[in-house]
Amino acid sequence: MSAVTTRFSENILDATNAYGLFITDEAELAGLPEDVRQAARAAAEQDGKPGYKFTLHFPSYFPILQYADNRALREKMYRANATKASELGEKPEWDNSANIVDILRLRNEEAKLLDFKNYAELSLVPKMADTPQEVIKFLEDLGRRARPFAEQDLLELRAFAAEQLGLATLEAWDLAYAAEKLREQRYAFSEQEVKQYFPEPTVVEGLFQLVQKLFSVDISADQAAVWHPDVKFFRIEKDGKLIGQFYLDLYARNGKRGGAWMDDARARRRLGNEVQTPIAYLTCNFTAPAVVDGVSKPALFTHDEVITLFHEFGHGLHHMLTQVDEIGVSGISGVEWDAVELPSQFMENFCWEWDVLQHMTAEAISGEPLPRDLFDKMIAAKNFQSGLQALRQVEFSLFDMRLHDDYDPYGSQSVQDVIDQVRGQIAVITPPAFNRFQHSFGHIFAGGYAAGYYSYKWAEVLSADAYSAFEEAAVGGNVVSAETGRKFRDEILAVGGSRPALESFKAFRGREPSIDALLRHSGMAA
């Protein structure tokens, strides 16, 4: 199966790398932030062309959807991204339609050979959930709880778009743009304003300081051969002893796979009298520092990118802070797939804490930390459109589970039929008919999340409940508790897959997980 999944990934990468939209009339870029223009200008200069170059790498195309006043430009970029690697894309040889069917047929064959009814049942063997029906029930229940909030989110967005933006019909390429305008009006700040306070060196140093306080470790720069000048290498020590190392590859570039992920370079294990320490790859695709007219501009992260960095570092901590010497269950190995997101999603919560952010922000020009009033606005807007976001994840998760549970890859029903049916059941926003999201859904077709994408929401229940232990132990509102951090390290991070994840959670929390903290954190509590 590896050959066809490799083709699937390569088609996405080829389609992404091949696309370039060059714009020479700056008037077409009205609304775009200056740093986005600078990055596009630098990309065009690198190609030896005038004007501005935009690509399908997320830091390039998404700001157009979010900020560009030019509706036609937004539509063009949305369509290019929504059809990449499909029969509607630029080149037929990059079409993943046949690859998707081949992957599903091979998985179905594998399941039958191993005496399972379908691939979903096979996939759930090493997971916390027992049956596809249990997962579907969980997702449908979460969808039912989120739907009223999503409907209200959409109602407000449509009304705002019609009254304030003159958009009688809210199209898919208008959603991010209208949402950003509504956010700015309602909460009196923009993501671009916040971004000025998150330069890369300050963010990374703030992350390291937090980890050091929480888990009683030390992080410092280290030396190793790297595959690109942007890549950095670090070591983690505890009580002066090396316990792990990691590569940090933060920036998007041509030829690099999109998205963000952690992977293991090597795992902890015992080799005779010695212990091999773990090494992790921590990879993101953020906007790189731009050089325009010979002047270097610092990389500035959006708050969402900061959250992504914390997320991936959580995976890295799970891999590197393990104390298990058996390679099959050290670090993330052997951890149930629907629990492996617990440490990553847990770390995201700290990105919303004042006592953390004030030490990891510095305004790009003045160097001043994030102002408290701007932070308060961010908190007020934290759950902005959380209903729509929750339903989107439920939609993706249910599509994944249905594909691997009751879809017949030899039957007359198409994969598009399945996603259309799921959207009819779950979504309050239906994408245009040309949308081919599934053709670049690498998580389930090439990334190990087949019949497991629900893990993000499942583990979010665990992570939110785990984080509530820090909230309960907070002193003066400061959740950075070394004592609670030690317990989380010892009972969750250190034990890896050496015992069931539910036992590890109960050892940390003292009880079984509850969905209440997730609903409260998401602004969807009853």
Side-chain angles (χ1 to χ4, degrees), residues 31 58 62-68 71 74-75 78 81-82 138-194 302-304 307-308 345 348-349 351-352 376-399 419-420 422-432 435 437 453-454 456-457 460-461 464 515-526:
F58 188 85
F62 190 73
I64 289 181
L65 297 182
Q66 189 174 22
Y67 295 110
R71 196 183 194 193
R74 296 200 306 268
E75 180 180 1
Y78 175 89
N81 187 63
F138 164 73
L139 293 171
E140 289 179 340
D141 178 57
L142 185 57
R144 176 183 58 80
R145 292 171 182 252
R147 189 176 184 90
F149 296 93
E151 289 173 339
Q152 182 61 30
D153 289 344
L154 183 58
L155 186 67
E156 293 174 350
L157 195 59
R158 281 178 171 158
F160 173 81
E163 296 167 9
Q164 303 295 324
L165 304 177
L167 299 174
T169 302
L170 196 63
E171 302 291 353
W173 46 88
D174 300 324
L175 292 172
Y177 178 75
E180 179 60 21
K181 295 296 185 184
L182 176 57
R183 186 207 309 270
E184 291 178 17
Q185 183 194 77
R186 180 174 295 176
Y187 302 106
F189 79 97
S190 69
E191 287 192 358
Q192 186 63 22
E193 179 183 359
V194 173
T302 67
H303 189 240
D304 282 346
I307 292 172
T308 297
Q345 293 177 336
E348 293 181 20
N349 292 282
C351 298
W352 296 99
D376 291 339
K377 293 175 183 177
M378 292 168 60
I379 291 297
K382 177 177 182 286
N383 293 318
F384 178 62
Q385 296 196 322
S386 61
L388 285 174
Q389 293 167 11
L391 271 197
R392 182 174 180 266
Q393 290 299 103
V394 170
E395 174 190 318
F396 295 168
S397 301
L398 200 54
F399 167 62
I419 197 168
D420 288 343
V422 169
R423 285 169 175 160
Q425 175 190 0
I426 296 295
V428 296
I429 298 175
T430 302
N435 183 287
F437 155 77
Y453 195 79
Y454 77 91
Y456 284 101
K457 299 312 291 184
E460 203 172 340
V461 171
I515 197 173
D516 293 346
L518 170 60
L519 295 175
R520 174 171 55 82
H521 287 172
S522 301
M524 295 189 293

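Count residues from 1 along the sequence.
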Practice task
List the steps, then state whether salt bridge (charged side-chain N to carboxylate O under 4.0 Å, His left out) holds for R74 with E171.
Solution key: CA-CA 10 Å; R74 296 200 306 268; E171 302 291 353; over 6 Å; no

Exercise for the section: Determine, stepwise, if the pair F149 / L388 fulfils side-chain contact (heavy atoms from CB on, under 4.5 Å). Expected result: CA-CA 7 Å; F149 296 93; L388 285 174; over 6 Å; no

Exercise for the section: Please assess V461 against F138 for the test side-chain contact (heavy atoms from CB on, under 4.5 Å), listing each intermediate value before the final yes or no. Expected result: CA-CA 11 Å; V461 171; F138 164 73; 4.2 Å; yes

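Heavy-atom minimum distance, K377 versus Y187: CD-O, 3.3 Å. Summarising the geometry of D153 relative to G387, their closest heavy-atom pair is OD2-N, 3.1 Å, with the distance given to 0.1 Å. Closest of all the heavy-atom pairs between D174 and R71 is OD2-NH2, 2.6 Å. The shortest heavy-atom contact between G143 and L391 is O-CD2, 3.7 Å. Contact detail for V394 and L139: the closest heavy-atom pair is CG1-O, 3.6 Å. When all heavy atoms of Q345 and Y456 are compared, the closest pair comes out as NE2-O, 2.8 Å.
Counting heavy-atom neighbours within 6.0 Å of R392 CZ, excluding the residue itself, gives a total of 12 or less.
With values rounded to the nearest 0.5 angstrom, Y177 atom OH is found 12.0 Å from L170 atom CG. Between the CE atom of M524 and the CZ atom of R145 there is a distance of 9.5 Å, given to the nearest 0.5 Å. The CG atom of L157 sits 11.0 Å away from the CZ atom of R183 when rounded to the nearest 0.5 Å. Between the CD atom of E191 and the CE atom of M378 there is a distance of 9.0 Å, given to the nearest 0.5 Å. A distance of 5.0 Å separates CG in D304 from OG1 in T302, rounded to the nearest 0.5 Å. Interatomic distance, Y67 OH to F62 CZ, rounded to the nearest 0.5 Å: 8.5 Å.
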Using a 3.5 Å cut-off and no angle test, enumerate the donor-acceptor pairs between side-chain atoms of residues 423-431 and protein atoms at least two apart in sequence or in another chain.
{"unit_1": "R423", "atom_1": "NE", "unit_2": "E395", "atom_2": "OE2", "d": "3.0"}
{"unit_1": "Q425", "atom_1": "OE1", "unit_2": "R402", "atom_2": "NH1", "d": "3.0"}
{"unit_1": "Q425", "atom_1": "NE2", "unit_2": "E140", "atom_2": "OE2", "d": "2.9"}

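For residues 380-391, no residue pair satisfies the side-chain hydrogen bond (donor to acceptor under 3.5 Å, both in side chains) rule, not counting sequence neighbours.
Comment: R186 engages E156 in a salt bridge, judged by a side-chain N to carboxylate O separation of less than 4.0 angstrom. We find that D516 and R520 are not joined by a salt bridge, their nearest charged nitrogen and carboxylate oxygen being 4.0 Å or further apart.
Considering only residues two or more places apart in sequence or on other chains, F396 meets the ring-ring contact (aromatic ring centres under 6.0 Å, His included) condition with F437, F441.
Remark: the Q393 side chain and the E460 side chain contain no N/O donor-acceptor pair separated by less than 3.5 Å.
Using modelled atom types, no side-chain atom of H303 and backbone atom of W352 make a donor-acceptor pair closer than 3.5 Å.
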